[in-house]
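We're numbering straight along the sequence, starting at 1.
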Amino acid sequence: MALQSLQITALTAMRARDVSRPTREQQEGADARPLRDETPRREPRRGDRPRGEPRRG
């Protein structure tokens, strides 16, 4: 169990935080898109089956 001895230093944590932060361009793009629950539901296309319904045939 080599992972049990893994220690995260303050420097490693700061680097991980900076890497995971989105760029300004990515953040602006995300802010411009509507949230998932704000988007209208699309009409099902012909051939689409409801979730959970098994395939026939």
Side-chain angles (χ1 to χ4, degrees):
M1 291 288 195
L3 292 178
Q4 288 179 342
S5 64
L6 178 69
Q7 292 184 353
I8 298 176
T9 63
L11 183 60
T12 305
M14 296 292 278
R15 285 182 183 161
R17 186 192 67 185
D18 290 340
V19 168
S20 64
R21 186 173 294 162
T23 64
R24 181 180 303 267
E25 187 176 279
Q26 290 170 330
Q27 187 64 47
E28 288 172 355
D31 290 342
R33 286 191 302 273
L35 297 175
R36 187 179 350 184
D37 60 348
E38 293 175 343
T39 56
R41 295 181 65 90
R42 66 177 177 88
E43 292 295 320
R45 294 178 300 204
R46 207 176 95 204
D48 282 355
R49 56 190 166 87
R51 288 187 183 267
E53 186 176 306
R55 290 186 181 206
R56 288 183 228 145

Residue list, side chain to side chain contact (heavy atoms under 4.5 Å, CB included) with [X], at least two apart or on another chain:
{"X": "Arg33", "answer": "Ala30"}
{"X": "Thr9", "answer": "Leu11, Thr12"}
{"X": "Gln26", "answer": "Pro22, Thr23"}

The single option from Glu28, Arg21, Gln27 that satisfies side-chain contact (heavy atoms from CB on, under 4.5 Å) with Arg24 is Glu28

